[in-house]
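One structure is given here, and the rest of the page talks about it.
All values reported here derive from a predicted model rather than from experimental measurement. Numbered from 1 within each chain, the chains take letters A, B, ... in sequence-line order.
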Number of protein chains: 2
Amino acid sequence: MGSVRTQPGSVRPGGRTARVRAAVLRAAGDALVENGVHGLDLADVAFRAGVGKTTVYRRWSSVPGLVADLLDDMAEQSLPRSDTGSLLGDLTANARLVRTTLADPRQGVLFKAVIAAATCDARTAEALNRFYTTRVNEWAPCVEAAARRGEVPPDTDPHEVIRAVSAPLYYRLLASGDPLDEAAADRAAAAAAIAAREGAYARTER
Amino acid sequence: MGSVRTQPGSVRPGGRTARVRAAVLRAAGDALVENGVHGLDLADVAFRAGVGKTTVYRRWSSVPGLVADLLDDMAEQSLPRSDTGSLLGDLTANARLVRTTLADPRQGVLFKAVIAAATCDARTAEALNRFYTTRVNEWAPCVEAAARRGEVPPDTDPHEVIRAVSAPLYYRLLASGDPLDEAAADRAAAAAAIAAREGAYARTER
DNA sequence: GAACTAACGAAACTGGAGTCCCGTTATGGG
DNA sequence: CCCATAACGGGACTCCAGTTTCGTTAGTTC
């Protein structure tokens, strides 16, 4: 429905509108990293973006609205998928990519902030779901390949396996506070690979 | 350090002080469920608790401060641990308990709100870590028992196994938005049990 | 049970996030 | 190139979360 995005439905998608969106989203990311969602002031974002605060309020209306648009923007920046020839290799590559992202001071804080925003606002939550669906879809093929190679049962749910790799890393980031080191990433990948091999992620029949 | 808690360091831990804390924490939980962290107004909490708003601001000073105290209070309410005689049985019981909690309309929202608050505030994050450490410690013995029974390698890290059970459920709650049904809980438990049996959660030597 | 004071409560105050109004700029169509 | 209007910008305004002040209540101590 009424997405804030500029490209598709905008009446006048010309240069200025797109420039403003890019500048504001960039500024929003910076401000989010520095102050978190709670301390996000749209007037401050406007100032950083070199834009009038009225503009920010008019187009995004609120903090969750802005964060949701930021998420849609993030989803478009696709990350390269590895293909190492083995499921464990691919999952390890994925786990290390996720852990590097979350352990990065800037991106880690950004992800935390975005998840926090999603817990408050339904539209942001939908945007977050879209984001993760996109990411999981990008990596699902490596599980399908493993199924073709006979490494995992044919009824394995690829999405479930990919999610199983990320889940422990996000748990550390958000809940437990344990260090997000490479050992944790490798362990998450290994556990998911073993459980997948043993058929723990069989598609639920309905 | 300067905890807000009443019992230990308080100069005057008498009846009224404790009553006020109980009423405010109760009201805070209700308000959190209804409005989320972003919509949490301390004046509203005070009104619900039948207490002056000055009191709430004085003792907890801010929303994160109040949430952190609420978490410490939640950590004290221990949940019963099962002992079914097998690791899979115990982990399944744990997974179902967690999923029932998170799927409950009230508690699920509360947990989301609390996690969101922790991403913003360091003290709240510490309180959240304490909370999960407490919960994980309560369930770790069932992995130790499994190790004694020879179900898993002796160098298995019990905490890591318990966390592995919860992680996928929290991932669903916060990120993916997939349904938190019992099948998801059972799958999480089964995957953790299998991975543990195969030695994926061996203690990292240092 | 009287005095001391920690902790509470009511009400006035303040600052800044978010809104409104209206004039200005810059796309897009013809 | 010119008009129509979508989109932007500055500044005044509003409203309420959070603070301050000061008087009141109720644990605690002797």
Side-chain angles (χ1 to χ4, degrees), chain A residues 2-28 31-32 34-69 113 117 120-121 123, chain B residues 2-28 31-32 34-69 113 117 120-121 123:
Chain A
S3 171
V4 184
R5 304 267 317 288
T6 298
Q7 284 75 4
S10 204
V11 179
R12 188 176 281 185
R16 182 169 64 169
T17 302
R19 274 198 305 278
V20 166
R21 183 170 108 106
V24 168
L25 292 187
R26 221 179 93 86
L32 224 45
E34 284 181 31
N35 306 110
V37 247
H38 71 291
L40 192 64
D41 177 15
L42 296 199
D44 176 50
V45 171
F47 179 77
R48 288 170 188 251
V51 152
K53 79 169 179 170
T54 316
T55 299
V56 176
Y57 277 105
R58 188 171 19 233
R59 282 185 62 181
W60 290 276
S61 77
S62 67
V63 170
L66 180 56
V67 174
D69 195 34
C120 300
D121 179 75
R123 281 175 312 160
Chain B
S3 170
V4 184
R5 303 268 315 289
T6 298
Q7 283 74 4
S10 205
V11 179
R12 187 175 281 187
R16 182 169 64 169
T17 302
R19 275 198 307 277
V20 166
R21 183 169 108 108
V24 169
L25 292 187
R26 221 178 93 86
L32 224 46
E34 284 182 31
N35 306 109
V37 247
H38 70 292
L40 192 65
D41 177 14
L42 295 200
D44 176 50
V45 171
F47 179 76
R48 288 169 188 253
V51 152
K53 78 168 179 171
T54 317
T55 299
V56 177
Y57 278 105
R58 186 170 21 230
R59 282 186 61 180
W60 291 276
S61 76
S62 66
V63 170
L66 180 56
V67 173
D69 195 34
C120 300
D121 180 75
R123 280 176 311 161

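- Atom pair B:Asp44:CG and D:dG18:P shows a separation of 12 Å (rounding to whole Å applied).
- Remark: B:Leu66 CG to B:Asp121 CG distance equals 11.5 Å, nearest 0.5 Å.
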Atom pairs under 3.5 Å: protein N/O with N/O of nucleotides 11-17 of chain C:
unit_1 : atom_1 : unit_2  : atom_2 : d
C:dA17 : OP2    : A:Asp41 : OD2    : 3.1

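- Atom pair B:Trp60:CH2 and D:dT19:C1' shows a separation of 18 Å (rounding to whole Å applied).
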All N/O donor-acceptor pairs, side-chain side in residues 35-43 of chain A, below 3.5 Å, sequence neighbours left out:
unit_1  : atom_1 : unit_2  : atom_2 : d
A:His38 : ND1    : A:Asn35 : O      : 3.4
A:Asp41 : OD1    : A:Ala43 : N      : 3.1

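- Distances shown here put every side-chain N or O of A:Arg21 at or beyond 4.0 Å from the OP1 or OP2 atom of D:dA7.
- Following rounding to the nearest Å, A:Arg58 (CZ) and C:dG18 (C1') show an atom-to-atom distance of 14 Å.
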Distance-only check: which donor-acceptor pairs under 3.5 Å involve side-chain atoms of residues 45-56 of chain A, not counting sequence neighbours?
unit_1  : atom_1 : unit_2  : atom_2 : d
A:Arg48 : NE     : A:Asp44 : OD2    : 3.0
A:Arg48 : NH1    : A:Glu34 : OE2    : 3.3
A:Arg48 : NH2    : A:Glu34 : OE1    : 3.0

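- The two atoms that bring A:Val20 and A:Arg59 nearest to each other are CG1-NH1, 3.7 Å, heavy atoms only.
- Atom CZ of B:Arg16 and atom C1' of D:dG27 are 8 Å apart (whole Å).
- Remark: B:Asp69 engages B:Arg21 in a salt bridge, criterion side-chain N to carboxylate O under 4.0 Å.
- Rounded to whole angstrom, the span from the CZ atom of A:Arg59 across to the P atom of C:dT19 amounts to 17 Å.
- Five base pairs at each end of the helix from C:dG1-D:dC30 to C:dG30-D:dC1 define two local axes, and these are offset by 50° (rounded to 10°).
- Note on A:Thr17: every side-chain N or O is 4.0 Å or more away from OP1 and OP2 of D:dA7.
- In terms of the side-chain contact (heavy atoms from CB on, under 4.5 Å) criterion, B:Ser61 has no residue partners (sequence neighbours excluded).
- One atom, NE2 of B:His38, and another, P of D:dA17, lie 13 Å apart when rounded to the nearest Å.
- Between A:Arg123 and A:Ser62, the closest heavy-atom pair is NH2-OG, 3.9 Å.
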